[in-house]
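Accompanying notes for the structure given below.
Residue numbers start from 1 in every chain, and the chains themselves are labelled A, B, ... in the order their sequence lines are given, proteins ahead of strands.
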Number of protein chains: 2
Amino acid sequence: MSRDSLDLEGVLRDAKPSLHEAELLERCFAHTLTAEAGRELQVAGSPLSRPKMILSGWVGLARFLDDGRRQFMDLHIAGDFTAFRLRSDAHAQAYAICLTPVQYVEVAEILHGVNAQPGLYPGLLAKMRASEEEQRARLFDHILRVGRMLAHERLAHFALELYRRHERVGLATAQSFPMPLTQEVLGDVLGLSTVHINRTLQQLRREGLLKTANGRWQIPNIEALRAVAAETREPGSIS
Amino acid sequence: MSRDSLDLEGVLRDAKPSLHEAELLERCFAHTLTAEAGRELQVAGSPLSRPKMILSGWVGLARFLDDGRRQFMDLHIAGDFTAFRLRSDAHAQAYAICLTPVQYVEVAEILHGVNAQPGLYPGLLAKMRASEEEQRARLFDHILRVGRMLAHERLAHFALELYRRHERVGLATAQSFPMPLTQEVLGDVLGLSTVHINRTLQQLRREGLLKTANGRWQIPNIEALRAVAAETREPGSIS
DNA sequence: CGCACATTTGACGAGAATCAACTGCAGTGG
DNA sequence: CCACTGCAGTTGATTCTCGTCAAATGTGCG
C-alpha cells in the first residue's frame, strides 16, 4: 500500500468501536476492493445501497450538462465514506467517479446491521453521521467558492480544504499533501477552464503561495494562503 | 394571511400525523411568530437549537467574504424547515436571513420530544428528514448552476426550481409564483452582479421565456425554459 | 412632495473562456 | 535504441461573458 493510503488504526480512533464493530471491521478490511480510474461507484438517480469507505485514491461527485459540461460537487479521499446516505431510501444526486485508482471496503453490512439491530455499531454509525454533516459543510464552502470567489481565491481556498482533510487522516507531511488530479478535473471542480487553472496555478507558484512537485502540493505559508482565500472566519472557526 | 402563505392542512398531508402530533401542531400553529425582513434566524457558527417551519415569506442561507461579497447557499419558502439540523450537536454553517417579512412557528418541542421519547412524532420527524435530503439535492443543483451555467441558464434553472417548490405547497397559480427578491439578492443567489441579473432578466422576457409582474414570475412555456437550463435529466428524474 | 430604495441604462474594463499550437514526458513497439 | 503515440501541461492570441462605475429613471410610502 502506498504512502497515500489510509492508516487503518487511525480511522476509527475516536469512534470507540464496540467488540462487534471490531470484528466487523476486521472482516471488512480483509476484503479490500479496487477500482481503476474512471470507474463509476454510483450513478445519478440510482438508489444508494452499498456504502463504501475509501482506503486510498480519490473519488469525485459529478453532475453534467447536456453539452458535456461537468461540475464536481465534492471530492472524497482516504477515510471518507462514499456512495452512501444514511437514509435508506435515498437516491444518488450525482455520479461518483474514480479520479485515481481507488482502494475501498464495502461497509454495507453495517447499515443492514443497523436496520436489523439498532445500536449494534454505534461507533461506525456516528462516524457516518459526522461524515454526512462534514460533507454538508463542504458543499456550503464549495458554493461560496464557485459562486463568489475569483480564480486564485478558489484555488487557495480549495488547497486549504484539501490540506486540512489530509492532515486529519495523517496523509499530510511537511505542509504538503498528494494532488493526483489533472488540471482538467481541477477545472471541473472549481468551475474554471483548464487553461485558466494552469495560469492561476502559475500565479500562485510565482507568488510563493504554492509549490507543486511529485504529484503533491505544498503550502509554504498557510496563513498567507488563508489571506488569499478571502473568507470570513465564522463558519470555519467551529471545527 | 396573504395569498403567499401556506395552506396548513396541506403541509403534513402525507405525514399522517399521530394524535400527539395533531395536538402539538395545533399548539404550534396557535403561536405564529413574525420576523421582519433583514432579521437573522440563525448565525453562522452558533448551535442550532430551535427549528422553525416557515408559514409565509422567504429566508436565505448566506455566507460572506471578507470584503462583503455575499453568497446565498439556499432559499427557504413556506413549508420549509429552517434554522435546523436533525443532528442535535450541529452548528450553523451560514446565516439565515429573512428576505421578506416571515411568519413561522417554532417546532423545537418536536425534536426535544424525539430525544425524550423516540418515535412520538414519526410523521413530523419524517418530514424533517425528507427536508434535509431535499435541501442536499438543492445544494447539488446550486453548485451545478453557479459552477458551470451561463447567466441565462442559471436564471432559467433557478426559476424552474422555485416554480416546482411553490407548486408543491400550493402557492403556484397559472404557471406563476411569487418573487419578492430584489435583483441584488437574486445576484447573490446566482453568483452574478445586480446589473447582469437585470440584463439577463430582460433577455428572458424578450424571448418570452419569463413574465414578471406584481411581484410574481410567470413561466409561459415550461418546456422551453427547461431547454434553456441545459441540465441533463438524470438527477431530476428521480422525484 | 420628497425620500429611500429598486430598477434600468450606457460606457468601459477585467476576468475568464476559447482556439490552436507547442512542449514535455512516459509508455510502446519497431 | 529510438521513433511513435497519447496525454498532461504550457503558451499566445483572441473573444466573450460578466463586473464595475456612474447616472438616470421608476416606484412605494410617510
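Thr100(A) places a side-chain N or O within 3.5 Å of a backbone atom of Trp58(A) that can act as its donor or acceptor partner. For Gln71(B) (side chain) and Val189(B) (main-chain N/O), a donor-acceptor pair under 3.5 Å exists by modelled atom type. No donor-acceptor distance shorter than 3.5 angstrom exists from the side chain of Asp188(A) to the backbone of Val185(A), with no hydrogens or angles considered. Side chain of Glu207(B) to main chain of Leu204(B): no donor-acceptor pair is present (N/O by atom type, distance under 3.5 Å, no hydrogens or angles).
Rounded to whole angstrom, the span from the CH2 atom of Trp217(A) across to the P atom of dG9(D) amounts to 10 Å. Distance Gln183(A) CD to dT23(C) C1': 13 Å, rounded to the nearest Å. Atom pair Leu186(B):CG and dG19(D):P shows a separation of 13 Å (rounding to whole Å applied). Atom CG in Leu204(B) sits roughly 13 Å away from atom P in dT8(C) (whole-Å rounding). For the pair Leu181(A) CG and dG9(D) C1', the computed distance is 15 Å after rounding to whole Å. One interatomic measurement links the two molecules: CE of Met179(B) to C1' of dT7(C), which rounds to 15 Å at whole-angstrom precision. Rounded to a whole Å, the CG atom of Leu155(B) is 10 Å from the P atom of dC18(D). Atom P of nucleotide dT8(C) and atom CG of Asn198(B) are separated by 4 Å, given to the nearest angstrom.
Ring geometry, Phe177(B) versus His166(B): the interplanar angle falls under 30°, so the pair is classed parallel (tilted spans 30 to 60°).
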Starting at the 5' end of nucleotides 12-22 of chain C, put B wherever the base has a protein heavy atom under 4.0 Å, S where only the sugar-phosphate does, and a dash everywhere else. ---SBSBB---
Under 4.0 Å protein heavy-atom contact, by nucleotide of nucleotides 25-30 of chain D - B base, S sugar-phosphate only: ------
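We find the CD-CG distance between Gln93(B) and Asp141(A) to be 7.0 Å, quoted to the nearest 0.5 Å. In this structure, CG in Leu225(B) is found 10.5 Å from CD in Gln175(B), a value given to the nearest 0.5 Å. Atom-to-atom distance recorded for Leu61(A):CG and His142(A):NE2 is 10.0 Å, nearest 0.5 angstrom.
With hydrogens and angles left out, the side-chain atoms of Gln135(B) and Arg136(A) include a donor and acceptor closer than 3.5 Å.
OP1 or OP2 of dT9(C) has at least one side-chain nitrogen or oxygen of Gln202(B) nearer than 4.0 Å.
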